[in-house]
Structure formats: structure tokens, C-alpha cells
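Residue numbering restarts at 1 for every chain, and letters A, B, ... go by the order of the sequence lines. Note: hydrogens, waters and symmetry copies are ignored here, and every other heavy atom, side chains too, is used.
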2 protein chains.
Amino acid sequence: MSKSQINQIHNNIDRVIHEPVRLAILKILTSAKEVDFNFLLTTLGVTKGNLATHIKSLETADFIEVKKEFRGKIPHTSYRITRTGRRRFQKYWENLKALAPE
Amino acid sequence: MSKSQINQIHNNIDRVIHEPVRLAILKILTSAKEVDFNFLLTTLGVTKGNLATHIKSLETADFIEVKKEFRGKIPHTSYRITRTGRRRFQKYWENLKALAPE
DNA sequence: AAAAACCAGTTTTTGATACAAACCAATTAT
DNA sequence: ATAATTGGTTTGTATCAAAAACTGGTTTTT
């Protein structure tokens with residue numbers, strides 16, 4: 001691998017995806033077609049504030065879409081990965097593999 | 001994949017390795033048996049201060065070892081990956097793969 | 001010989017952000 | 001009534017990646 005190739009790769013890692021909690025969220029959303037806030041909360045074992053922040057950054061970057069509805073009288077929020085999100089998640093891994101050990 | 005499995009994984013990502021510049025450094029050091037500061041500097045395209053900081057964190061965590069010598073009158077610093085560093089780099093990737101897309 | 005420029009890094013500062021704590025508004029249980 | 005739960009948001013803090021500034025020399029220029 002040449003110098004310029006390595007340079008390209010570490011600069012092309014998408015920081016929005018790269019954060020472990022967001023990686024885990026995207027992983028979950030590639031398997032399940034839709035999950036809600038509480039599922040993510042208990043699955044990931046993070047605090048609510050932390051989760052909300054990660055979700056917002058994924059939403060802002062258009063990786064996920066947010067659906068808000070009422071179930072009876074209780075608000076309920078669920079998430080799906082977007083088509084572009086899925087594509088960029090795949091692409092992220094292709095890039096990342098170039099940094100795997102020999 | 002179960003909830004607890006996903007939780008384990010995103011918590012077990014080694015943050016020292018996970019940073020892209022350090023990933024790239026470790027990748028380089030798994031291929032070349034020894035490289036110097038300037039090689040890393042030009043290869044990675046980062047600033048000196050930034051590189052020094054990343055190197056220190058890798059050294060502190062015992063991933064790499066640092067050799068300082070004089071070449072003529074000019075100081076020269078080079079780096080190798082340690083045995084434990086190589087092992088932990090491998091392990092990191094095994095863990096990480098669990099978060100790859102389906 | 002003095003100054004300027006360069007080399008090989010280290011130390012310090014700054015800006016961004018991951019994370020947690022506290023809060024809020026509504027609902028449901030005791 | 002009030003305590004606990006749900007489903008979050010807002011605010012504060014602590015970490016750390018990145019850049020800038022600095023150090024202690026060496027080499028080159030004038």
C-alpha cells in the first residue's frame with residue numbers, strides 16, 4: 001500500500017459513523033427494520049441524554065429517519081435507517097477494511 | 001444477535017486503537033518492521049503536534065516502542081509495534097467485525 | 001561571525017463532543 | 001395524593017483530537 005493510499009483512507013473515515021455507539025445503532029438498524037428509543041436504550045446500555053445526542057447526529061447527517069406518533073396517549077419514537085444511510089454504512093466498512101491488520 | 005452481545009461489543013471497542021490516525025499508524029507498523037517520525041508525518045499528512053500526541057498515547061498504552069538514537073548529530077526517532085500491540089490490534093478487529101453491516 | 005532557516009520533535013492551548021445529570025410534562029400505579 | 005414511570009430534552013462537564021507555539025539544537029547563508 002502506498003503513502004497516498006493510506007492518507008486517503010484515514011481521512012475518509014466518516015466520523016459520524018465511526019463513533020462506537022453510532023456504529024452499534026446502525027448495525028441494529030441494518031438488521032431490524034424499525035426500532036424505538038427504549039429498545040436502543042436498553043440494548044446499548046447508555047444514558048438517555050447520550051442516546052438522544054447520538055440519534056440527533058445520525059438524523060442530522062441523514063443516516064436515519066425518525067417517526068413520532070402517539071400510542072394511545074403516550075408518545076412513541078422509532079427509527080429506521082435511510083437508503084443513503086445504509087449505502088454509506090456499507091461504504092464506511094469498505095474504507096475501514098483498508099486499515100485492518102495484514 | 002442478542003441485546004447483551006451488542007452491548008458487550010460497543011463497550012469493548014478499544015478507544016486507543018479506534019482513533020483513525022492511530023489505526024493508520026498501527027496498520028503501517030504491522031507491515032513495516034520499523035518506521036520513523038518523518039515517515040509517519042508525510043504518510044499520514046497530519047501536523048507534528050498531532051502526530052506526537054497520537055504516538056504518545058500508543059506508547060503509553062504499550063502498543064508501540066520508541067527507539068531514539070543519533071544519526072550523525074541529528075536525533076532520530078523510530079517506532080515498532082510491540083508483540084502485545086499486534087495481538088490487541090488483531091483482537092480489536094475481531095470485536096469490531098461484529099458491528100459490520102449484515 | 002551572526003543571522004536566518006531548518007530539523008525533529010515536545011508542550012501548551014483551543015475547540016469540539018461524548019457523556020451524564022438534571023429537568024420536564026404527561027401518565028400510570030399505590 | 002403522591003410516588004414512580006415513560007419518553008424524552010436541555011444543560012453542564014470532562015475528555016481529547018488537532019493546531020499552534022515553543023525548544024534545543026544543526027546547517028546554511030551572507
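One interatomic measurement links the two molecules: CG of A/N50 to P of D/dA14, which rounds to 16 Å at whole-angstrom precision. Put simply, CD1 on B/I55 is 11 Å from C1' on C/dA8, counting in whole angstrom units. Taking atom CZ on B/R15 and atom P on D/dA14, their separation rounds to 18 Å, with Å as the unit. The distance from atom CG of A/L44 to atom P of C/dA18 is 14 Å, rounded to the nearest whole Å. One atom, CG of A/L51, and another, P of C/dA22, lie 19 Å apart when rounded to the nearest Å. Here the P atom of nucleotide D/dG24 and the CZ atom of B/F70 are 14 Å apart, to the nearest Å. C/dC6 atom C1' lies 16 Å from atom NZ of B/K73, rounded to whole Å. Rounded to whole angstrom, the span from the CZ atom of A/F37 across to the C1' atom of D/dT6 amounts to 10 Å.
Note on A/V21: only backbone sugar-phosphate atoms sit closer than 4.0 angstrom, heavy atoms only; bases stay farther off.
Ring pair B/F89/B/W93 is perpendicular by interplanar angle, where above 60° counts as perpendicular and below 30° as parallel.
Side-chain proximity of A/K68 to the nucleotides D/dT9, D/dA17, D/dT26 is greatest for D/dT9. If you check C/dA8, C/dA18, C/dT11 against the side chain of A/R22, the one that comes closest is C/dA18. Closest contact between the side chain of B/I74 and the listed nucleotides C/dT11, C/dA20, C/dC7 involves C/dC7.
The shortest distance between the side-chain N/O atoms of B/H54 and the OP1/OP2 oxygens of D/dA18 is below 4.0 Å. Within the structure, every side-chain polar atom (N or O) of B/N38 is placed at least 4.0 Å from both OP1 and OP2 of C/dC7.
Between A/L29 and A/L58, every side-chain heavy-atom pair lies at or beyond the 4.5 Å cut-off.
Nearest heavy-atom pair across B/K27 and A/A100 is NZ-O, 2.9 Å.
Both A/T53 and A/Y79 lie near DNA chain D, and the one whose nearest nucleotide falls closer to the 5' end is A/Y79. Residues A/E19 and A/K48 both approach DNA chain C. Their nearest nucleotides, taken by heavy-atom distance, put A/E19 toward the 5′ side.
Looking at A/R22, its side chain does come within 3.5 Å of a backbone N or O of A/V16 through a donor-acceptor pair.
Using a cutoff of 4.0 Å between basic side-chain nitrogens and carboxylate oxygens, B/E19 and A/R15 are scored as salt-bridged.
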